[in-house]
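Okay, structure first, notes after.
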Amino acid sequence: MAATHLLRSSLFLQNPNPNTTLKPHHHTFKPTTIKSTISSEPNTPTPPPISKHRRPADESIRQEAHRRHDNSSKNTFSAKYVPFNSDPNSEESYSLDEVVYRSRSGGLLDVQHDIEALKEFDGAYWKSLFDSRVGKTTWPYGSGVWSKKEWVLPEIDSDDIVSAFEGNSNMFWAERFGKQFLGMNDLWVKHCGISHTGSFKDLGMTVLVSQVNRLRKMGKPVYGVGCASTGDTSAALSAYCASAGIPSIVFLPANKISMAQLVQPIANGAFVLSLDTDFDGCMQLVREVTAELPIYLANSLNSLRLEGQKTAAIEILQQFDWEVPDWVIVPGGNLGNIYAFYKGFHMCKELGLVDRIPRLVCAQAANANPLYLYYKSGWKDFSSVKAKTTFASAIQIGDPVSIDRAVYALKNCDGIVEEATEEELMDAMAQADSTGMFICPHTGVALTALHKLRKSGVISPTERTVVVSTAHGLKFTQSKIDYHSKVIPDMACSLANLPVNVKADFGSVMDVLKKYLESKDSRQ
Ligand SMILES: Cc1ncc(COP(=O)(O)O)c(C=O)c1O
Ligand SMILES: N[C@@H](CCOP(=O)(O)O)C(=O)O
């Protein structure tokens with residue numbers, strides 16, 4: 001059903017004019033309890049002592065953070081924008097407080113940290129600092145992103161941070177799935193989609209919206225924040241902006257995102273434009289519009305986003321007690337995330353937390369596979385494609401803005417690109433769900449890549465492998481309903497689990513249950 005069309009008229013009436021709320025103000029996410037506090041002073045070489053305390057009733061979590069350790073005044077770490085993969089002699093750079101998305105030559109930018117300053121502390125220091133912050137409510141370090149603040153946005157005042165304590169997502173040991181379908185015993189699914197707005201985009205959006213909050217407080221003319229989206233970026237943008245009282249504007253391809261995704265920005269009060277084009281068309285438009293209007297661009301073309309997303313890689317290492325997995329498989333669309341993972345792993349190696357990085361696999365839907373085709377050509381011929389409809393609708397992208405970043409990442413980690421047909425991705429999703437997960441179709445794409453690489457022997461049964469699950473399955477229930485109802489044309493839906501219609505009397509119910517139990521081995 002035409003989700004965007006269905007809601008179009010009512011959303012038009014409900015949305016306030018985004019340009020009427022220009023005054024920046026603080027966001028309102030405020031955890032209410034503090035269990036314990038660990039000083040998070042970044043320039044102290046040994047982890048500080050743990051002290052138990054209760055915050056006074058009239059003090060907010062931020063005020064407490066200020067009182068205990070206002071580290072912004074002592075901070076010696078810094079970061080700036082530089083042209084992506086630039087000549088080491090290039091002197092082109094920009095402050096993160098500038099509004100800039102492209103280099104002088106029109107290329108991508110990257111956030112470059114002062115690695116020498118970070119290197120003044122050894123790997124053991126960083127590991128114990130990051131470990132000391134996990135699972136706490138200390139502002140802002142209770143967030144999985146901001147627990148790595150020195151590596152993310154070292155100069156931002158903690159007061160300006162807009163956070164929902166994102167990150168620290170579950171690493172699920174896919175024991176049954178691994179054994180039953182892949183003959184693997186060390187398979188893990190990093191559930192980045194079990195998050196505030198239901199996708200990994202929260203990791204990047206907390207960083208971007210925090211920086212916007214800072215810019216607005218500095219009096220920079222940023223009246224709103226805008227993005228093109230296949231559903232998850234817009235959900236994250238609108239939630240974080242709403243939390244901070246910043247207007248958000250989202251460009252969505254009409255009829256191409258799930259109802260659950262569409263309702264997120266609507267509910268969060270974004271200005272929602274439903275456009276009769278695909279994601280690539282929306283992306284083109286938002287780039288043109290943000291060049292003309294004081295609207296800050298929130299897509300991953302903006303390298304700030306990737307600083308947050310890279311923390312998922314650091315978190316994976318942390319969750320394995322800083323042991324490096326052999327493989328990490330990530331579904332790819334606009335291709336910022338695969339580079340973010342590479343960057344996170346690479347920083348850990350460069351700063352001495354680990355001694356190697358995993359091999360990365362980027363998995364694409366066969367219906368939207370420009371990176372796969374490029375990889376198969378031996379990195380010779382890149383052309384964008386017209387992305388076709390896919391159940392993995394959030395990666396229905398034919399002209400990825402971060403193509404150069406993805407190629408760089410994959411070349412530098414001996415990476416691989418795989419693809420999944422619609423039937424493959426839906427079957428993989430159904431298999432995973434049948435073992436207790438409830439994943440999104442994009443994760444089905446990543447699992448298909450794993451199937452193929454296991455089958456070809458590239459990934460061995462004992463290699464530690466992490467599949468990155470990028471969104472919550474509840475955002476994509478319609479695809480699961482279609483699959484289990486066997487209504488998808490030309491798809492066998494071989495794992496469909498149809499409900500049984502039974503007469504509501506004891507005898508009929510007993511009959512079907514006996515048959516069911518007979519069909520089951522008692523150990524199954
Ligand atoms: C659920 C989901 N998975 C994967 C991706 C791919 O991420 P990227 O665009 O960074 O390649 C996206 C967005 O594009 C997404 O929303
Ligand atoms: N899947 C994304 C597509 C846009 O990607 P971005 O990382 O460049 O914002 C979405 O959910 O919109």
Side-chain angles (χ1 to χ4, degrees), residues 101 108 190-195 197-205 207-208 225-239 250-253 256-258 260-262 264-265 270 278-280 282-284 286-287 297-306 308-310 312 329-343 360-365 368-372 387 390-403 405-407 409-410 417 420 425 429 439-447 449 467-476 479:
Y101 317 115
L108 294 163
K190 173 71 173 160
H191 278 294
C192 293
I194 302 181
S195 176
T197 70
S199 88
F200 72 97
K201 304 286 180 178
D202 293 343
L203 303 175
M205 210 52 83
V207 175
L208 185 133
V225 192
C227 73
S229 183
T230 53
D232 292 321
T233 298
S234 46
L237 176 67
S238 51
V250 305
F251 288 39
L252 302 180
K256 291 187 173 65
I257 69 170
S258 76
Q261 289 171 310
L262 173 62
Q264 290 184 282
D278 56 11
F279 170 79
D280 298 301
C282 290
M283 188 71 226
Q284 181 58 35
V286 83
R287 279 165 74 163
L297 179 66
N299 283 102
S300 58
L301 176 68
N302 187 326
S303 48
L304 274 181
R305 280 260 314 279
L306 305 181
Q309 290 174 210
K310 81 182 179 197
I329 306 178
V330 186
N334 221 11
L335 299 180
N337 210 28
I338 187 77
Y339 175 69
F341 270 90
Y342 169 78
K343 190 171 184 183
L360 297 178
V361 179
C362 188
Q364 293 211 293
N369 62 354
L371 181 73
Y372 177 76
T390 167
F391 281 105
S393 54
I395 53 175
Q396 190 182 327
I397 296 172
D399 192 9
V401 298
S402 285
I403 181 72
R405 291 177 176 136
V407 174
L410 291 161
V417 187
L425 73 91
M429 178 171 79
I439 59 165
C440 68
H442 321 85
T443 311
V445 172
L447 289 172
V467 170
V468 176
S469 179
T470 45
H472 202 297
L474 285 171
K475 287 193 181 197
F476 299 92
S479 63

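When a ligand or atom number is given, it counts from 1 through the structure's own listing order.
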Do ligand 2 and [X] have nitrogen or oxygen atoms that lie under 3.5 Å from each other?
| X | answer |
| --- | --- |
| A394 | yes |
| S234 | no |
| Q309 | no |

I'd like to check whether N334 has a polar contact with ligand 1, where a contact means an N/O of the residue lying under 3.5 Å from an N/O of the ligand.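 Yes, since at least one N or O of N334 sits under 3.5 Å from an N or O of ligand 1.
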
Mind checking whether T470 has an N or O less than 3.5 Å away from an N or O of ligand 1?
->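 Yes, since at least one N or O of T470 sits under 3.5 Å from an N or O of ligand 1.
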
Is C440 in contact with ligand 1, taking contact as a heavy-atom separation below 4.0 Å?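 No; C440 lies far enough from ligand 1 that no heavy-atom distance drops under 4.0 Å.
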
Protein contact to [atom] [nearest heavy atom, distance to 0.1 Å]:
| atom | answer |
| --- | --- |
| atom 9 (O) of ligand 2 | T233 OG1, 2.7 Å |
| atom 5 (O) of ligand 2 | K201 NZ, 3.4 Å |
| atom 8 (O) of ligand 2 | S300 OG, 2.6 Å |
| atom 8 (P) of ligand 1 | L335 N, 3.4 Å |
| atom 12 (C) of ligand 1 | F200 CE2, 3.7 Å |
| atom 10 (O) of ligand 1 | N337 N, 2.8 Å |

- Task: Say whether V401 and ligand 2 are in contact under the criterion: heavy-atom distance to a ligand atom below 4.0 Å.
- Result: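 It does not, in that no heavy atom of V401 comes within the 4.0 Å cut-off of ligand 2.
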
Contact between ligand 2 and Q261 is defined here as a heavy atom of the residue under 4.0 Å from a ligand atom; is it met?
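No; Q261 lies far enough from ligand 2 that no heavy-atom distance drops under 4.0 Å.
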
* Show your reasoning for whether side chain to side chain contact (heavy atoms under 4.5 Å, CB included) applies to D232 and T197. => CA-CA 8 Å; D232 292 321; T197 70; over 6 Å; no

Nearest 0.5 Å please: distance from the [atom1] atom of [X] over to the [atom2] atom of [Y].
| X | Y | atom1 | atom2 | result |
| --- | --- | --- | --- | --- |
| I439 | L474 | CD1 | CG | 12.5 Å |
| N337 | R305 | CG | CZ | 8.5 Å |
| L301 | R287 | CG | CZ | 5.0 Å |
| K201 | Q309 | NZ | CD | 6.0 Å |

For [X], atoms of ligand 2 separated by under 4.0 Å from a heavy atom:
| X | result |
| --- | --- |
| S229 | 10 (C), 11 (O), 12 (O) |
| I397 | 3 (C) |
| R305 | 6 (P), 7 (O), 9 (O) |
| D232 | 10 (C), 11 (O) |

Task: Working for side chain to side chain contact (heavy atoms under 4.5 Å, CB included), residues V401 and M283 - done: CA-CA 9 Å; V401 298; M283 188 71 226; 3.9 Å; yes

Between [X] and ligand 2, find which residue part has any heavy-atom pair under 4.0 Å and reply side chain, backbone, both or neither.
| X | result |
| --- | --- |
| M283 | neither |
| N334 | side chain |
| I395 | neither |

I'd like to check which ligand 1 atoms, numbered from 1 as shown, lie under 4.0 Å from a non-hydrogen atom of [X].
| X | result |
| --- | --- |
| P331 | 4 (C), 6 (C) |
| G336 | 8 (P), 10 (O), 11 (O) |
| A471 | 1 (C) |

Heavy-atom nearest neighbour of atom 11 (O) of ligand 1 within options G333, A394, S199, S234
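Among G333, A394, S199, S234, the closest heavy atom to atom 11 (O) of ligand 1 belongs to G333.
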
* Of the listed options (I395, D232, T230, T233), which comes nearest to atom 1 (C) of ligand 1 when hydrogens are ignored and any heavy atom counts? ->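 Residue with the shortest heavy-atom distance to the ligand atom: D232.
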
Between [X] and [Y], is any pair of side-chain heavy atoms under 4.5 Å apart?
| X | Y | result |
| --- | --- | --- |
| T470 | C192 | no |
| P370 | I403 | no |
| N334 | F279 | yes |
| Q261 | S229 | no |
| R405 | L108 | yes |
| N299 | C227 | yes |
| S402 | Y339 | no |
| I338 | L371 | no |

Can you tell me which portion of K201 lies within the under-4.0 Å heavy-atom range of ligand 1? Options are side chain, backbone, both, or neither.
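Near ligand 1, K201 shows its side chain, while the N, CA, C and O stay back.
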
Would you sort out whether V445 and T390 count as a side chain to side chain contact (heavy atoms under 4.5 Å, CB included), showing the intermediate values? CA-CA 11 Å; V445 172; T390 167; 5.9 Å; no

Can I395 and T230 be said to form a side chain to side chain contact (heavy atoms under 4.5 Å, CB included), step by step? CA-CA 7 Å; I395 53 175; T230 53; over 6 Å; no

